[in-house]
There are 2 protein chains.
Amino acid sequence: MNSRAASPADQLDPAALLKLDNQLCFALYSTSLAMTKVYKPLLARLGLTYPQYLVMLVLWEQDGLTVSALGERLFLDSGTLTPLLKRLEAQGMLLRARSAEDERQVIVSLSETGRALREEALAVPQAVLCATACTIPELQTMTAELQLLRRKLGEALLKT
Amino acid sequence: MNSRAASPADQLDPAALLKLDNQLCFALYSTSLAMTKVYKPLLARLGLTYPQYLVMLVLWEQDGLTVSALGERLFLDSGTLTPLLKRLEAQGMLLRARSAEDERQVIVSLSETGRALREEALAVPQAVLCATACTIPELQTMTAELQLLRRKLGEALLKT
DNA sequence: TGCAATTAAATTGTGTGCAATGTAATGTTC
DNA sequence: GAACATTACATTGCACACAATTTAATTGCA
């Protein structure tokens with residue numbers, strides 16, 4: 001028998017670590033999916049999916065970014081962004097144009113429609129805030145914790 | 001001018017709420033994707049994707065569940081699970097069989113291979129724990145917070 | 001200058017998520 | 001007990017994610 005006391009809740013026991021409800025990864029994964037479901041009806045009114053909304057959020061902050069700059073901001077690659085941006089372009093939300101200085105780059109810029117959509121989007125965070133049933137400080141704390149975790153995971157990935 | 005002081009960090013300002021880095025949803029979404037990337041090489045050795053791993057975690061806890069019971073546990077529907085389970089079955093990890101009592105139900109049970117895979121999987125949480133560079137209590141706290149948020153979002157979804 | 005190495009997007013292929021629909025089995029009601 | 005509703009799963013279609021590869025433009029360097 002171990003010198004350390006064993007218990008069902010013991011988080012260092014490999015078997016306990018394997019339980020679904022003890023795993024941060026699953027809490028993260030399932031909560032992220034739940035969040036997307038909350039956004040879905042709100043964004044449907046704007047004609048956007050959740051990843052498309054993220055792209056618009058970035059462009060509303062800074063217009064005229066390249067695909068790779070968008071990707072760095074969102075942690076997504078061209079394989080995800082290229083078709084997504086094409087759909088947004090087809091909807092008339094933005095324009096994609098090869099850069100004149102560097103023909104390899106594609107500059108993504110908002111259309112008038114896309115820029116105007118920001119006004120409609122201003123109501124979205126409030127509605128989500130309400131759905132979370134959390135206070136602003138609670139949300140800020142959790143956001144900061146997740147950003148820190150994301151950074152640590154990113155660093156771990158580099159070492160791989 | 002408002003009676004309340006305005007500042008760039010003001011979280012009640014609709015424009016500030018729309019900033020990408022102020023949004024919990026994006027922290028959640030991007031961190032969940034980063035977590036999946038950390039799992040990827042670890043699970044590749046087991047021949048599993050991350051959602052497939054989640055199914056195996058559930059079955060290692062309780063074998064012989066129906067598709068809908070698996071779905072309730074993982075917050076996924078049959079449109080996601082059916083093809084995923086078929087792939088796991090094709091890999092020889094599990095068996096799918098119509099229930100004798102109720103022919104509408106499909107019982108999912110581990111194969112010997114699938115049950116044996118648990119031994120290999122025991123090392124996975126440790127490796128992820130290491131990648132997070134967090135202490136166990138930190139992870140437990142964040143997991144509990146996320147589970148609470150998931151519950152609140154689930155309740156908000158019912159009201160829709 | 002010439003050309004290999006690098007870089008930026010796009011493309012391809014696989015595997016989810018999920019809404020909407022289909023199908024077959026089971027319950028329910030009169 | 002026959003018609004109808006409900007349930008459980010499967011299927012279809014669309015939109016991500018992302019690894020791997022391709023294509024085209026730029027850079028670096030001998």
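All values reported here derive from a predicted model rather than from experimental measurement. Atom set for the values below is all heavy atoms of this structure, side chains included, hydrogens, waters and symmetry mates excluded. Convention: sequence-line order gives letters A, B, ...; per-chain numbering from 1.
The distance between atom CE of A:M35 and atom C1' of C:dC18, rounded to the nearest whole Å, is 18 Å. In this structure, the OH atom of B:Y29 is 13 Å from the C1' atom of C:dT16, given to the nearest Å. Between A:L81 atom CG and C:dT12 atom C1' there is a gap of 17 Å when expressed in whole angstrom units. To the nearest angstrom, P of C:dT16 lies 15 Å from CZ of A:F26. Look at CG on B:L157: it is 10 Å from P on C:dC18, rounded to the nearest Å. The nearest whole Å value for the distance from the CG atom in A:D77 to the P atom in C:dT14 is 17 Å. The nearest whole Å value for the distance from the CG atom in A:L84 to the P atom in C:dA10 is 12 Å. Between B:L74 atom CG and C:dT16 atom P the separation is 12 Å, expressed in whole Å.
Two residues, A:R98 and B:R87, neighbour DNA chain C, and the one matched to the more 5' nucleotide by heavy-atom proximity is A:R98. Residue A:T66 is the one, among A:T66 and A:A34, whose nearest nucleotide of DNA chain C lies closer to the 5' end (criterion: closest heavy atom).
Put simply, the side chain of A:S78 and the base of C:dA10 share a donor and an acceptor less than 3.5 Å apart.
Although no hydrogens or angles enter the test, the distance criterion places a donor-acceptor pair under 3.5 Å between the side chain of A:S111 and the main chain of A:M93.
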- Query: What string of B, S and - do you get for nucleotides 21-27 of chain C, 5' to 3', if B is base contact, S is sugar-phosphate-only contact and - is no contact with any protein heavy atom under 4.0 Å?
  - Reply: ----BS-
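One finds no salt bridge joining B:K159 and B:E155 here, because no Lys/Arg side-chain nitrogen approaches an Asp/Glu carboxylate oxygen to under 4.0 Å. With respect to the salt-bridge test (charged N to carboxylate O, under 4.0 angstrom), the residues A:E112 and A:R115 qualify.
Atom-to-atom distance recorded for B:L20:CG and A:L57:CG is 6.0 Å, nearest 0.5 angstrom.
Contacts of B:T80 with the nucleic acid, taken as non-hydrogen atoms under 4.0 Å apart, include base atoms. Using a 4.0 Å heavy-atom criterion, one finds that B:T36 contacts no nucleic acid atom at all.
Hydrophobic clustering of Ile, Leu, Val, Met, Phe, Trp and Tyr side chains at less than 4.5 Å, counting indirect connections, keeps A:I107 apart from A:V58. Each of A:L148 and B:V38 belongs to its own hydrophobic cluster when Ile, Leu, Val, Met, Phe, Trp and Tyr are linked at side-chain heavy-atom distances under 4.5 angstrom. A single hydrophobic cluster is not seen to contain both B:L95 and B:L88; linkage of ILVMFWY side chains at heavy-atom distances under 4.5 Å, directly or through other members, places them apart. Linking ILVMFWY residues whenever their side-chain heavy atoms come closer than 4.5 Å, directly or via other members, places A:L85 and A:F75 in the same cluster.
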Return all side-chain donor-acceptor pairs below 3.5 angstrom for residues 77-84 of chain B, not counting sequence neighbours, or 'none' if the list is empty.
unit_1, atom_1, unit_2, atom_2, d
B:D77, OD1, B:G79, N, 3.2
B:D77, OD1, B:T80, N, 3.1
B:D77, OD1, B:T80, OG1, 3.4
B:T82, OG1, B:S78, O, 3.0

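Extent of DNA chain D lying under 4.0 Å from chain A heavy atoms, first and last nucleotide in 5' to 3' order, is D:dA15 to D:dT26.
Side-chain nitrogen and oxygen atoms of B:K40 include none within less than 4.0 Å of the OP1 or OP2 phosphate oxygen of C:dT14.
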